[in-house]
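Single-structure report; data block below.
Along the sequence shown, the residues carry numbers beginning at 1. All values reported here derive from a predicted model rather than from experimental measurement.
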Amino acid sequence: MRREILSNIHSDKLFEQIYDYLLERIRRGEWQAHEKLPSVRTLATEFNVHRLTVFKAYQLLKENRYVYVKDKSGYYVQPSGLLSMNTLHDPIVSAYVHDSHLSEIHQVEAAFQFSKALLDPNLLPNLYFSEYVKKVFDLYPKVLGTYSTTQGDQELREALCRYFAKHYHFYVSAEELLITSGSQEAIDLVARVLIKPRDVILMERPTYSPAIDVFRRQGAVIVSVDIHPHGYDLHQVETAMKQYKPRLFYLNPTFHNPTGCTVPAEQRKRLVELAEKYHCLLIEDDPYRDIYFNEQPPLPLFSYDTAGYVIYLRSFSKYIAPGLGIATVACRPSFMNYFIRAKSLSDSGAPLLNQKIFLHYFFSERMQQHLAKLRIALAVRKDILEEELSLTGWKWSSPTGGFNLWIQLPDSIPMEELLTKSIEQSITFVPGSICDPQRELKSWIRVSYSYLNEQQLREGFKRLICLIHSMSHAEK
């Protein structure tokens with residue numbers, strides 16, 4: 001193996017190319033957990049580079065927690081908390097231990113799915129929805145015979161512009177909106193367009209699990225910013241921006257997933273100021289805005305942005321019509337051209353039929369009135385879980401909107417065992433470490449109250465509490 005091998009790797013810095021090469025081999029499983037890696041001297045000889053170059057690559061791997069050092073022995077592959085082989089066949093446990101992919105958890109069939117932050121389909125006006133499907137075919141008889149544009153249906157984008165101006169006091173043109181197939185595609189576009197390997201980004205801790213996976217896939221170095229019921233420590237945010245010079249800060253400031261926290265208005269204004277001062281883009285993910293239980297949440301960060309440092313991701317698929325999967329990206333033209341180009345490499349635009357159905361369904365007076373009913377129904381379901389939680393002595397913060405409760409269990413509960421036993425009892429939830437860029441927070445879980453009906457919620461949560469109590473007593 002000589003230096004020529006490095007020529008096909010992304011970076012033009014030799015130590016970064018060696019970093020990429022070693023990381024790829026670790027990820028492919030060529031070296032297992034705790035296995036000793038080649039020495040600095042050996043790699044320097046193989047790559048025909050100075051030993052300091054290899055040393056810098058290993059130091060970067062160490063900083064990013066892919067390897068660890070034994071004194072006077074060398075570098076070793078950082079373990080991922082491997083379990084015995086029989087438990088690794090369980091998809092939810094395997095996801096928890098290795099990949100952190102929330103999708104694997106969602107694929108587990110269970111009677112009590114506390115892992116799904118989706119709306120109970122029975123809460124949607126389904127008969128009314130079917131009327132609008134027919135209406136769309138009457139209005140657009142050729143809708144199935146053509147594609148949308150890559151940027152999205154012009155009529156829908158213009159309607160969204162009016163909606164944002166009326167409700168959130170920010171003004172965009174139709175050319176500054178891009179329609180995507182849900183927020184997941186929007187996050188993926190942001191990552192592909194804006195992130196290259198080793199770019200530093202800020203993410204909340206905890207945060208939306210699939211976003212961690214998407215940004216890591218792009219090779220981003222993640223620096224965590226804690227989120228609390230009162231929002232952020234803005235001193236911590238500014239220190240991170242000043243020290244690390246991050247490319248972007250991905251944040252979910254309204255009914256945050258998984259904690260339910262909402263960042264106050266005064267912090268939102270200051271965040272936009274900091275973004276402009278330190279040239280850090282803010283990627284504002286806003287999928288739960290309409291699901292508030294008392295007062296409406298503060299305006300989006302995008303409403304305070306005058307310099308183009310905020311990119312706004314607004315999903316409607318969580319509570320309007322998950323089957324349509326409609327979301328939008330709002331940003332200034334300098335970014336929009338790149339997003340459209342990146343999306344065109346994946347598809348020719350979100351399905352036109354879905355966009356037209358959403359246009360007439362969401363903006364109808366009846367659907368807007370139905371949102372108030374949804375808020376009441378979800379507030380009742382949240383209260384059911386909190387009523388059961390109040391008997392446990394566990395810690396949680398009561399959210400003022402959204403779909404989730406973020407619960408701290410006793411430290412003595414082994415999460416791998418709890419995952420296995422909960423599946424055996426047909427219960428799923430999201431372990432906290434999946435939501436943590438640092439893969440810690442092992443005593444926390446996310447429980448969603450949106451997907452199950454009231455009876456299922458109470459019965460399933462009682463079972464989960466009993467299981468955890470039994471495990472807690474067994475530990476004693």
Side-chain angles (χ1 to χ4, degrees), residues 81 83 87 90-120 206-213 255-261 288 318 378 381-399 402-436 439-472:
L83 299 181
T87 59
D90 191 312
I92 187 171
V93 177
S94 178
Y96 166 72
V97 173
H98 291 298
D99 299 324
S100 292
H101 292 164
L102 190 59
S103 60
E104 276 87 345
I105 296 177
H106 288 163
Q107 290 168 20
V108 176
E109 294 187 7
F112 305 103
Q113 291 182 320
F114 292 106
S115 59
K116 286 193 174 182
L118 289 174
L119 192 69
D120 176 1
T207 190
Y208 178 50
S209 166
I212 299 174
D213 299 335
F255 311 134
H256 175 262
N257 181 1
T259 67
C261 302
Y288 300 112
K318 293 284 189 182
L378 289 168
R381 296 178 186 210
K382 178 191 75 113
D383 289 344
I384 288 173
L385 288 196
E386 293 191 320
E387 180 183 331
E388 299 297 330
L389 269 173
S390 66
L391 306 175
T392 64
W394 302 339
K395 296 178 182 179
W396 81 98
S397 294
S398 183
F403 285 5
N404 306 302
L405 290 181
W406 182 241
I407 304 167
Q408 186 174 19
L409 304 181
D411 291 337
S412 60
I413 301 298
M415 189 58 64
E416 296 91 339
E417 184 179 349
L418 176 59
L419 283 166
T420 301
K421 289 187 175 181
S422 68
I423 294 169
E424 291 172 356
Q425 296 195 20
S426 202
I427 301 170
T428 63
F429 59 85
V430 177
S433 66
I434 285 181
C435 305
D436 181 6
R439 296 300 307 274
E440 297 173 354
L441 299 177
K442 293 186 181 293
S443 62
W444 292 84
I445 63 173
R446 190 197 79 180
V447 172
S448 300
Y449 46 79
S450 56
Y451 191 70
L452 301 175
N453 64 39
E454 295 172 22
Q455 181 181 349
Q456 292 170 325
L457 276 176
R458 196 177 294 277
E459 180 184 350
F461 204 60
K462 283 181 180 291
R463 290 190 184 190
L464 181 59
I465 290 172
C466 287
L467 172 60
I468 294 171
H469 279 325
S470 67
M471 293 176 60
S472 180

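With sequence neighbours left out, the salt bridge (charged side-chain N to carboxylate O under 4.0 Å, His left out) criterion links Glu440 to Arg65, Arg205. Partners of Thr259 under the side-chain hydrogen bond (donor to acceptor under 3.5 Å, both in side chains) rule, at least two apart in sequence or in another chain, are His256. Residues passing the side chain to side chain contact (heavy atoms under 4.5 Å, CB included) test with Glu424, sequence neighbours excluded: Thr420, Lys421. Partners of Tyr449 by ring pair (Phe, Tyr, Trp, His ring centres under 6.0 Å), not counting sequence neighbours: none found. Taking the ring pair (Phe, Tyr, Trp, His ring centres under 6.0 Å) definition, one finds that Tyr208 meets it with nothing, sequence neighbours left out. Taking Ser426 as the reference, nothing meets the side-chain hydrogen bond (donor to acceptor under 3.5 Å, both in side chains) condition, with sequence neighbours excluded. In terms of the salt bridge (charged side-chain N to carboxylate O under 4.0 Å, His left out) criterion, residue partners of Glu388 (sequence neighbours excluded) are, by chain and number, Arg458, Lys462. Shown here are the side-chain hydrogen bond (donor to acceptor under 3.5 Å, both in side chains) partners of Asp383, two or more places apart in sequence or in another chain: there are none. Remark: Glu386 pairs with Lys382, Trp396, Ser398 by the side-chain hydrogen bond (donor to acceptor under 3.5 Å, both in side chains) rule, at least two apart or across chains. Considering only residues two or more places apart in sequence or on other chains, Phe114 meets the ring pair (Phe, Tyr, Trp, His ring centres under 6.0 Å) condition with Phe461.
Looking at every heavy atom in both residues, Glu109 comes nearest to Gln113 through CA-NE2, 4.3 Å. When all heavy atoms of Leu452 and Ala111 are compared, the closest pair comes out as CD2-O, 4.0 Å. What you find for Met415 and Lys442 is that their closest heavy atoms are CE-O, 3.1 Å. Across Ile434 and Ile212, no two heavy atoms sit closer than the pair O-CD1, 3.8 Å. Annotation for Ala110 and Ile427: closest pair CB-N, 4.1 Å, computed over non-hydrogen atoms.
In this structure the side chain of Leu405 never reaches within 4.5 angstrom of the side chain of Arg446, judged on heavy atoms. Counting only heavy atoms from C-beta outward, the side chains of Ser422 and Thr428 never approach each other to under 4.5 Å. Within the 4.5 Å cutoff, side-chain heavy atoms of Ser443 are placed close to those of Gln408. The side-chain heavy atoms of Pro431 and Leu419, taken from C-beta on, include a pair separated by under 4.5 Å. With a 4.5 Å cut-off on side-chain heavy atoms, Pro206 and Trp406 count as touching.
Other residues, nucleotides and ligands place more than 12 heavy atoms under 6.0 Å from the CZ atom of Phe112.
In this structure, Leu118 CG and Ser450 OG are separated by 6.5 Å, a value rounded to the nearest 0.5 Å. Rounding to the nearest 0.5 Å gives a distance of 9.5 Å between CG of Asn453 and CD of Glu459. Taken to the nearest 0.5 Å, the CG atom of Leu409 stands 8.5 Å off from the OG1 atom of Thr392. Between atom CG of residue Asn257 and atom SG of residue Cys435 there is a gap of 6.5 Å, rounded to the nearest 0.5 Å. Residue Leu389 holds its CG atom at 5.5 Å from CD1 of Ile465, rounded to the nearest 0.5 Å. Interatomic distance, Ile445 CD1 to Ser115 OG, rounded to the nearest 0.5 Å: 11.0 Å.
Considering Phe255, Tyr288, Tyr451 as possible partners of Phe403, the one that fulfils the ring pair (Phe, Tyr, Trp, His ring centres under 6.0 Å) test is Tyr288.
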